[in-house]
Amino acid sequence: MEREQNWSPVQGGAWLLRRALLGVATLLMISVVVFLGTQALPGDPAIAILGRDAAPDRVELLRQQLGLNVPVIQQYFNWLSGILHGDFGRSLASRRAVSGLLATRGLNSLLLVGLSAAICIPVSLALGGWSAMRRDKPADLSVWVLTTVLTALPEFIVGMVLVILFATTVTRLLPAVSMIPEGESPFYYASAFILPALTLVLATLPYLTRLFRGSMIEVLQADYVEMARLKGVMERRVVLRHAVPNALIPTVQGSALVLTYMAGGIVVVEYLFRFPGLGSALTDAIANRDLPVIQAIAVIQAALYVVVNLLADYLTIRLTPRLRTSHG
Amino acid sequence: MNVVEVDRLNVEVSRTRARVARDVCFEIEAGKILALVGESGSGKTTVAMALLGHTRRGATITGGTVRLAGADILSLDRDSLRAMRGRDVSYIPQNPGIALNPSQRVGRQVAEVLETHGIGLPEKRRERVAAALQDVALPSDDAFLNRYPHELSGGQQQRLMIAMAFIAKPRAIVLDEPTTGLDILTQAHVLSTIRDMCRRHKVCALYITHDLAVVAEIADSVMVMLKGEIVEVGDKDQVLHRPAHRYTRSLLAAAPDITAFKASKGSARAEPLADKAKLAVLSGKNLSKSFGRLQVLHGLNFELRSGEVLALVGQSGSGKTTLGRSLMGLSGGCSGEIRFKGDLLPAALFDRSNDQRRTLQYIYQNPHASMNPRRTIAENVSSPFQHFFGMSRRDAHRRSVDLLAELSLPKSIADAFPREISGGECQRASIARALACSPDVIICDEITSALDVSVQASIIKLLQDLSRERGLALLFITHNIALVASIADSVAVMQGGTIVDYGPTARVLGEPRHPYTIELIEKTPSVSLSRR
């Protein structure tokens, strides 16, 4: 019954490789779905984009641009091999290469999500842990009420309230619209990030706070925590060495969920603040029926999901000896 | 000299103000072991925890004093209390599997006691941990110290807890049913380790248990607790052999004893089975089972006649439960021949007919986990009536209420949810659910090991009556040999996936032939055979 081996780096590498290959397979499947959902739909995408009354020669031109005159299978592989070479085609609206267009936008969004997560995750852990240790006391109850209220508010409303408070009516400390001129480094426009990031943080904070509070409460009641106390271990150490490491395990998956949620949430938040990122690029592209841009963003989002989930699973295994040392 | 002195200790549940310990007084001398006996809910653990100045969430100590080596524990401030725990008085929990931090290496968890109390020089601690592990016969190399708790067997985990409890050389140790989850051989090893360690280090111990046979094995004196009160205290021999209180006598009467069969059961129960011509209800021939590359059952043969109780005993991991589940056709069944009244049964449950499924029933160790928690007891019990006999909901409900009454369960149970009733009541209800199918064979998998002794005795009585009156055949899986003596007609002893000894109970337990059977019997603690 006893398992003796620890997880050697070789086994760990093999696991990661296997999961990465599965991730690639998932992405390939997603690319098929994205392609089917946009370009290969029954009916003519060119007409769908230009409208029914479009002149036939314009339709024909667009069909050529989109490569619609070859069989569907070949269209897919042309598109896919383009992506693998970093070529997502040309934007129909701006006539620029999609990859170039999205590079700066993507960087902005990545910074926005990264910043939000870097605030949200530690704050939720601190707040959730603090709350769990004061279970059923006034402090805990107020955290509970606060997180319930925040959960009930859509991020659109949260964002607008923040604009009213900090950018328009009440004070004018921060810009209401996040202007980052194209081609300039976003690092010079730090103030443009504050309100969108705050909105994303407030939207995801309640979930993670409650998740960590719940798992801390469970862990603080565990026999091994009582045992540590009965060994005379200091309360501080009981919490930091015995409770937190075990309570973190479910929180890793929760954090992954928060990250992917944020990646989707930028669509609303970026629209609200006119933040020049992937989310607003997507809303613009949909308004302009800019097919190549829509496809590119959908694939990028999916890749992000796959990578974040892979990282979360890897971390969970690293944090859980039972998973790390078993063979099956 | 008394190391522990407890005087008029009172503990209440804060919310309801119900007393869980009432005017408890006792003392323990250095090097002595005092056993605290009582059933679940009697307040044993509450009293034990008070020795460490600890109460579980929701309880408060409302009066009395606890002195440890002269210090008044209950009046200590938080820091002095903390400094004392683990150093002067330590604790060994019931279930080491959940009392060890799953994400910390075992060596670190032992060393933590030394670090916490600043005992010894940091560079010498590694040696001291190694010495403590050698004391309890555990390996002490780095590879072992670097393991995680789940990489240790149950017995190793418990010996690790013992090492952890003794490493700071405490004056007193509190043990909370430390062998309940262990099989007999492991239990024997752990008990002798505890006894040796206490003697060698002159440590006094409060040993909580509900198993009187264990008391006979380990204690110097015994204290019996009932509903928060101490009803009897005295020397071990006096309490076990000349009990003064009615409750102590009833506990002793309920305790299964391995020597019991010699007196009555052995010869009396063997007779009806002399009828060899009777066809077997269930038989297995050359049964084998593998999980992946690991073979867990190696060509087993057995026969079970109607009205017969066949006990399947062995250590954990010997394949008892695997055999039971394979007979049911669970986890894909096994290879070999399973015959029911002479007809071949398909190996896998999915290939069996409804009637074949009905006739074999299974009762689990944990009654609460095997009942649908969202249905009342009557609803749980009535589903076989509807499923196998096509009864209407109403008729099925009426029948199940009747059946519950037949098993002497109170009327109110029918409409209760599983979590609202006790383990013993719930186990009776699961027996009712099995009976609702009108089976010919019931497989009972450790069905009493989670229950108190008196409840266990009543369940055993119920099963005996059922097998006699209805001609039910029982396959009784257990690691408790003492129990076998009081219920089984025949015994199959399993070791490493094979049956090493098989025959009538009187023969197997009375004149054991296989060395493993002999060892099992020798290591089984017994009230009437108290050694030492």
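Predicted model, so just to flag it, every value in this text is computed and none were measured. Throughout, a chain's letter reflects where its sequence line sits, starting with A, and its residues are numbered from 1.
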Give the minimum heavy-atom separation between B/Ser103 and A/Pro245, together with the two atoms involved.
OG-CB, 4.1 Å
With a cut-off of 6.0 Å (strictly less than), are more than 12 heavy atoms of other residues, nucleotides or ligands near CZ of B/Arg87?
yes
Identify which part of A/Arg237 has an atom lying under 4.5 Å from any heavy atom of chain B, answering side chain, backbone, both or neither.
side chain
Portion of A/Leu319 that has a non-hydrogen atom of chain B nearer than 4.5 angstrom
backbone
Using a 4.5 Å heavy-atom cutoff, which residues in residues 206-233 of chain A come close to chain B?
A/Gln221, A/Asp223, A/Tyr224, A/Glu226, A/Met227, A/Arg229, A/Leu230, A/Lys231, A/Gly232, A/Val233
Counting heavy-atom pairs under 4.5 angstrom with chain A, the leader among B/Arg85, B/Arg78, B/Gln104 is B/Arg85
Tell me which of these, B/Pro102, B/Pro93, B/Ala168, has more heavy-atom pairs under 4.5 Å with chain A than the rest.
B/Pro102
Can you tell me which portion of B/Met84 sits under 4.5 Å from chain A's heavy atoms? Options are side chain, backbone, both or neither.
neither
Give a yes or no on whether A/Arg241 atom CZ has more than 12 heavy-atom contacts from other residues, nucleotides or ligands under 6.0 Å away.
no
Applying a strict 4.5 Å limit to non-hydrogen atoms, the region of B/Ser90 in contact with chain A is neither
So, A/His242 versus B/Glu112: side-chain donor-acceptor pair below 3.5 Å or not?
yes
Does any backbone or side-chain atom of B/Glu115 lie under 4.5 Å from a heavy atom of chain A? Answer side chain, backbone, both or neither.
side chain
Heavy-atom pair count under 4.5 Å with chain A, highest-scoring of B/Met161, B/Arg56, B/Gln94, B/Met49
B/Arg56
Answer with side chain, backbone, both or neither: which region of B/Ile98 has an atom nearer than 4.5 Å to a non-hydrogen atom of chain A?
both
